[in-house]
Amino acid sequence: MTGPLEQAGPEMGQNLEARTQLDVYTWYSPYVHRVAWVLKLKGIDYEFVEENLKDPNKRSPLLLNCNPVYRKIPVLIHHGKPIVESLFIIEYIDDTWKDNPILPTDPYERAMARFWASFIDERLLEGSKRVLSVKGDQLKMETKQVSDAMEVLEGMLEGKKFFGGEKIGFLDIAFGWIAIWLGAIEEAVGVEFFNRRKLPLLETWKDKFKEFHVVKDSLYPTEKLVRFFTKYRHSQLKLAAKK
Ligand SMILES: N[C@@H](CCC(=O)N[C@@H](CS)C(=O)NCC(=O)O)C(=O)O
C-alpha cells in the first residue's frame, strides 16, 4: 500500500476502497497499512495518494516536500501539515480524533507502549528485512534474533486476548503486520518464526487480528506476498554478491 495519505472530505473518502484495490507500487508496505487501519478504525475519511517507489531517484514533489528528511512513506497530511513516521502518525491520529482511543491513557502505560512498538520495529520489522537479505550463518543468526523477539511477544500475551487487553490497541496495530507478512517471509526464505507449539498465544492472536474488520479488508493473498518477498530476496542477494 502507499502514501502520502491525506485526510479529506467525505466525497474523497468514498473513493478509498477503489483506490486501495488499485494500488500497485507499495501495497506491501506494513507502515502504510498500520496507518490506514487506524484511520478506518476511527472512521476518518481520507484521500489515498499513491507514490511510485520503484526508482529511488524519482520521488514526487509532494513526497519530497512532505518528508524531505527521509523521503519515505507514509505521510499524513492534515490541514496542509505533513506528519511522518507511521508510529508518530498513529499517535497524532489518536490525539486528534478521540473516538475509539487506541493508546493507553496512563502515562506509564503509554511510555511502555511506545517502547514495545519501537522494539518491534527494530527487532522484528528491520530484523525480518535482514533475514530476507542474507544467507548461510548470517541467515541463521538473523532468524534466531527474530524468533527470540517473537518469544518475548508471546510472553506479553499471557492472560490477554490482544496486546491492548480486551480490545485491539496501539501495540496490536503496530505488531499487526506480523500476522500478515511474517508467514510469507518464512515461506519465501524457508525459515520458521511461527512455531504453533512454542508460540500458541501469538498464533491465536494472529488469527483473531486477521479477522478484525478493518484488517480483513486489507489482506492480500499469501501467494502474492510470497512472490513479492521471493523477488525482493533475489534482488537483495544479487546486490550483496556484487559488493
Ligand atoms: N520508520 C518509517 C519507515 C517507512 C518506510 O520504510 N517506508 C518505505 C516503504 S515500506 C519507503 O518509503 N521506502 C522508500 C525509500 O526507502 O526510499 C515509518 O515507520 O514510517
Side-chain angles (χ1 to χ4, degrees), residues 1-8 16 19-20 23 25-42 44-54 56-98 100-105 107 109-130 132-133 146 149 153 163-164 168-182 209 214-215 218 232:
M1 211 170 120
T2 191
L5 300 159
E6 180 153 19
Q7 203 248 329
L16 174 68
R19 296 294 300 272
T20 50
D23 61 327
Y25 300 114
T26 53
W27 57 273
Y28 58 84
S29 171
Y31 307 103
V32 177
H33 277 288
R34 54 161 70 135
V35 172
W37 290 332
V38 175
L39 288 167
K40 287 187 191 172
L41 176 73
K42 296 211 172 233
I44 301 164
D45 288 317
Y46 63 93
E47 167 79 346
F48 176 80
V49 182
E50 185 163 38
E51 179 75 20
N52 180 350
L53 291 179
K54 276 208 165 128
N57 299 314
K58 281 194 195 141
R59 295 286 178 262
S60 72
L62 180 61
L63 181 60
L64 294 177
N65 273 331
C66 289
N67 193 355
V69 178
Y70 294 126
R71 302 165 165 222
K72 289 188 179 193
I73 54 138
V75 175
L76 176 80
I77 307 171
H78 184 221
H79 293 325
K81 288 189 284 193
I83 302 111
V84 302
E85 288 291 312
S86 58
L87 295 174
F88 300 154
I89 297 173
I90 293 172
E91 282 206 43
Y92 176 86
I93 295 171
D94 204 41
D95 287 342
T96 308
W97 289 270
K98 303 281 184 197
N100 300 328
I102 55 161
L103 268 136
T105 44
E109 295 297 326
R110 283 173 83 87
M112 290 315 288
R114 291 187 186 110
F115 168 80
W116 287 115
S118 82
F119 167 85
I120 239 56
D121 275 11
E122 172 44 33
R123 291 289 170 87
L124 275 152
L125 239 171
E126 292 304 321
S128 49
K129 274 196 224 159
R130 290 193 291 271
L132 279 162
S133 312
V146 172
L153 296 193
F163 290 96
I168 285 191
F170 179 67
L171 286 182
D172 298 278
I173 298 284
F175 297 169
W177 65 274
I178 291 173
I180 300 153
W181 280 257
L182 221 52
F209 185 78
V214 300
V215 175
S218 67
Y232 176 81

To the nearest 0.5 Å, what is the distance between [atom1] ([X]) and [atom2] ([Y])?
X      : Y      : atom1 : atom2 : result
Lys40  : His33  : NZ    : NE2   : 8.5 Å
Ile120 : Trp177 : CD1   : CH2   : 7.5 Å
Leu76  : Ile90  : CG    : CD1   : 10.5 Å
Ser60  : Ile73  : OG    : CD1   : 10.5 Å
Ile102 : Asp172 : CD1   : CG    : 9.5 Å
Cys66  : Lys81  : SG    : NZ    : 13.0 Å

Which atom of Leu87 lies closest to which atom of Ala174, heavy atoms considered: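 Nearest pair, atom of Leu87 first, then Ala174: CD2-CB, 3.9 Å.
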Nearest non-hydrogen partners of Val146 and Gly127, listed with the distance: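 Residues Val146 and Gly127, closest heavy atoms: CG2-C, 3.7 Å.
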Residues which pass side-chain hydrogen bond (donor to acceptor under 3.5 Å, both in side chains) with Arg130, listed by chain and number, not counting sequence neighbours: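 For Arg130 the side-chain hydrogen bond (donor to acceptor under 3.5 Å, both in side chains) partners, ignoring immediate neighbours, are Glu142.
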Results of side-chain hydrogen bond (donor to acceptor under 3.5 Å, both in side chains) for Asp121 - residues two or more places apart only: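 Testing Asp121 for side-chain hydrogen bond (donor to acceptor under 3.5 Å, both in side chains), a comparison that skips the adjacent residues, returns Arg34.
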Who passes ring pair (Phe, Tyr, Trp, His ring centres under 6.0 Å) against [X], sequence neighbours left out?
X      : answer
Tyr92  : His78
Trp116 : Phe119
Phe88  : none
Phe175 : Phe163

Listed partners of Glu85 passing salt bridge (Lys or Arg N to Asp or Glu O under 4.0 Å), at least two apart: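 Partners of Glu85 by the salt bridge (Lys or Arg N to Asp or Glu O under 4.0 Å) criterion come out as none, since no residue qualifies.
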Under the salt bridge (Lys or Arg N to Asp or Glu O under 4.0 Å) test, residues paired with Glu109 that sit two or more places apart: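 By the salt bridge (Lys or Arg N to Asp or Glu O under 4.0 Å) rule, Glu109 matches no residue at all.
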Pairs satisfying salt bridge (charged side-chain N to carboxylate O under 4.0 Å, His left out), at least one member in residues 87-96, at least two apart: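 Every pair satisfying salt bridge (charged side-chain N to carboxylate O under 4.0 Å, His left out) with a residue in residues 87-96: Lys42-Asp94, Glu91-Arg114, Asp95-Arg110.
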Check: Leu125 and Tyr31 side chains under 4.5 Å, non-hydrogen atoms: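 Contact flag for Tyr31/Leu125 side chains = yes.
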